[in-house]
K.L.:
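Below you'll find the structure I mean.
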Protein chains: 2
Amino acid sequence: MAKPQFNQEHILTQASSAFWRFGYHATSMQHVFAATGLKPGSIYLAFGNKEGLFKASLDHYTQQSLLRIRNKLSQSPSVEQGIFDVLMEFVNESCQADYCSCFLVKSQLELGSHPELLQYVSTRLKQIETLYCEFLQQNHPIEEAQIKATSLMLHIFGIRVYGYHSQSKEQILSALESSLPWLPWTKLKH
Amino acid sequence: MAKPQFNQEHILTQASSAFWRFGYHATSMQHVFAATGLKPGSIYLAFGNKEGLFKASLDHYTQQSLLRIRNKLSQSPSVEQGIFDVLMEFVNESCQADYCSCFLVKSQLELGSHPELLQYVSTRLKQIETLYCEFLQQNHPIEEAQIKATSLMLHIFGIRVYGYHSQSKEQILSALESSLPWLPWTKLKH
DNA sequence: AACTATTTTGAATGATCATTCAATTATTTG
DNA sequence: CAAATAATTGAATGATCATTCAAAATAGTT
């Protein structure tokens with residue numbers, strides 16, 4: 001064997017970041033070579049082709065997202081409080097200068113006409129919904145948990161799009177409070 | 001003058017359709033030439049460059065969307081009923097085989113790192129929100145109308161993303177009913 | 001009919017795209 | 001240390017990209 005294989009974590013971090021910010025089509029392999037400092041052959045040996053690298057990037061992002069949500073919901077005094085905190089994080093992200101929404105949501109819309117990648121993205125978004133649903137089942141019958149989880153995903157998708165509008169934080173918060181009354185808003189009011 | 005200028009409506013219909021379905025980066029000018037049957041020079045003379053054609057396509061789509069919503073809300077017995085009907089149309093669209101979400105929402109996410117086009121898209125999405133808000137002011141004080149309009153946009157954005165999941169119609173409807181209780185759901189229940 | 005103004009044509013351009021592969025380098029194995 | 005094995009290199013490839021422009025065609029004007 002030659003030099004042990006390059007750091008896959010490093011390249012996936014860089015590739016995810018590029019695909020996330022610029023999208024699948026606007027990110028060229030040459031950009032990836034430049035960002036990672038690696039040569040074409042290395043990346044093609046490890047990931048096969050651009051699609052393979054993209055899938056691995058999606059996986060990397062999804063695992064981090066699932067972990068982040070799981071930690072937040074586990075460590076909160078209640079599931080509702082944890083969900084509320086996660087939502088607030090999403091809203092606050094949208095205020096940052098380099099905001100670039102959610103990698104999975106962006107990919108879902110960009111690759112709507114690419115059945116294989118679309119399926120790959122949809123599966124991962126469903127994993128996230130399932131995670132919320134599992135936590136909600138601690139407090140609610142499964143049917144209600146499922147409805148709340150779907151409603152939550154609709155709102156999260158909405159935030160991911162609406163967040164691009166400038167100075168939207170207060171508007172988003174008021175709207176969320178009106179349509180998600182089962183979250184613990186009281187501590188923020190007045 | 002030569003032959004009167006080609007039918008701009010026709011080319012914008014074709015170009016919008018391509019940009020909408022495949023996105024800005026995945027739609028090449030060669031695709032547009034093939035779809036319209038026109039030669040490069042004609043299109044470049046009329047629209048300047050790809051960005052110009054894209055902006056004109058966005059405008060074309062936006063004007064049609066505003067017209068469609070305005071008609072629906074004007075002809076309904078109440079604003080709430082009109083909004084409900086529009087939402088149901090969006091949900092039903094997501095069941096079709098060739099579903100491709102909303103051109104503006106897709107563009108907003110794809111062009112997040114292109115400030116000029118991002119601004120162009122955001123302005124048009126805000127126009128749609130303003131239209132809803134104006135109609136809602138017939139029944140509600142302006143503050144409440146604005147919150148309802150923003151909540152509506154969040155939900156519409158959510159539907160536009162969630163719609164890609166297969167067999168999602170019933171789930172979406174249940175979730176919408178739970179988070180938009182001010183819409184006239186009763187006639188559908190039981 | 002001749003002239004002018006404008007549009008259309010379509011081949012060509014250089015840039016950038018994803019991808020390949022023979023040669024080189026590095027590591028493990030015998 | 002030598003042989004075998006595997007990873008890395010980076011220049012090169014053909015395809016496709018957005019865009020250009022000189023020439024041809026068409027319509028209005030005199």
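Below, chain A is the first sequence line, B the second, and so on; all start at residue 1.
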K.L.:
Return the value, rounded to whole Å, for the distance between atom CZ of F47(B) and atom P of dT7(C).
P.N.:
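Whole-Å distance recorded here is 13 Å.
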K.L.:
Verify the contact: side-chain N or O of S28(A) to OP1 or OP2 of dT16(C), cut-off strictly under 4.0 Å; return yes or no.
P.N.:
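No, S28(A) has no side-chain N/O under 4.0 Å of OP1/OP2 on dT16(C).
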K.L.:
Nearest nucleotide by nearest heavy atom, which residue falls closer to the 5' end of DNA chain C, G41(B) or A26(A)?
P.N.:
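Nearest nucleotide further toward 5': that of G41(B).
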K.L.:
Using the closest heavy atom to pick a nucleotide of DNA chain C for each, name whichever of H25(A) or G37(B) lands nearer the 5' end.
P.N.:
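Nearer the 5' end of the strand: G37(B).
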K.L.:
With hydrophobic residues grouped by side-chain heavy-atom distances under 4.5 Å, do M88(B) and V86(B) end up in a single group?
P.N.:
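Yes: a chain of side-chain contacts under 4.5 Å links M88(B) to V86(B).
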K.L.:
Roughly how many Å is it from CE in M29(B) to P in dT20(D), rounded to a whole number?
P.N.:
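Taking CE of M29(B) and P of dT20(D), I get 10 Å after rounding.
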K.L.:
Sequence neighbours excluded, which residues qualify as ring-ring contact (aromatic ring centres under 6.0 Å, His included) partners of Y120(B)?
P.N.:
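Y120(B) satisfies ring-ring contact (aromatic ring centres under 6.0 Å, His included) with no other residue.
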K.L.:
Provide, to the nearest angstrom, the distance between the CG atom belonging to L45(A) and the C1' atom belonging to dT20(C).
P.N.:
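The answer, rounded to whole Å, is 12 Å.
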K.L.:
Among dT8(D), dT19(D), dT19(C), find the nucleotide with the atom closest to the side chain of F33(A).
P.N.:
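My answer, after comparing the listed nucleotides, is dT19(C).
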K.L.:
Using a strict 4.0 Å threshold on nitrogen-to-oxygen distance, state whether E116(A) and K55(A) make a salt bridge.
P.N.:
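Judged by the 4.0 Å cut-off on N to carboxylate O distance, E116(A) and K55(A) do form a salt bridge.
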K.L.:
Hey, can you pull the residues of residues 48-59 of chain B with a non-hydrogen atom under 4.0 angstrom from DNA chain D?
P.N.:
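Listed by number, they are N49(B), K50(B).
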K.L.:
Under the ring-ring contact (aromatic ring centres under 6.0 Å, His included) test, which residues partner F22(B), sequence neighbours left out?
P.N.:
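Testing F22(B) for ring-ring contact (aromatic ring centres under 6.0 Å, His included), a comparison that skips the adjacent residues, returns none.
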K.L.:
Over how many whole Å does the gap from I43(A) atom CD1 to dG10(D) atom P extend?
P.N.:
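I43(A) atom CD1 is separated from dG10(D) atom P by 14 Å.
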K.L.:
What's the CG-P distance between L38(B) and dG10(C), to the nearest Å?
P.N.:
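Taking atom P of dG10(C) as the reference, CG of L38(B) is at 11 Å.
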K.L.:
Starting at OH of Y44(B) and ending at C1' of dA11(C), how long is that distance when rounded to a whole Å?
P.N.:
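About 15 Å, once rounded to whole Å.
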K.L.:
Quick one: ring-ring contact (aromatic ring centres under 6.0 Å, His included) partners of H165(A), sequence neighbours excluded?
P.N.:
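If we apply the ring-ring contact (aromatic ring centres under 6.0 Å, His included) test to H165(A), skipping adjacent residues, the hits are Y162(A).
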K.L.:
Check ring-ring contact (aromatic ring centres under 6.0 Å, His included) between Y99(B) and all other residues, then give those that pass, not counting sequence neighbours.
P.N.:
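Result, ring-ring contact (aromatic ring centres under 6.0 Å, His included) vs Y99(B): Y164(B).
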K.L.:
Once side-chain contact (heavy atoms from CB on, under 4.5 Å) is applied, do any residues pair with I147(B), and if so which ones, sequence neighbours excluded?
P.N.:
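With neighbours one apart ignored, the set is S174(A), S178(A).
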K.L.:
Give a yes/no answer on whether the side chain of K39(B) brings an N or O atom under 4.0 Å of OP1 or OP2 in dG10(C).
P.N.:
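True: K39(B) side-chain N/O within range (under 4.0 Å) of dG10(C) OP1/OP2.
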K.L.:
Just compare dT19(C), dA18(D), dT20(D) and give me whichever is closest to any side-chain atom of P40(A).
P.N.:
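Comparing dT19(C), dA18(D), dT20(D) against the side chain of P40(A), the answer is dT19(C).
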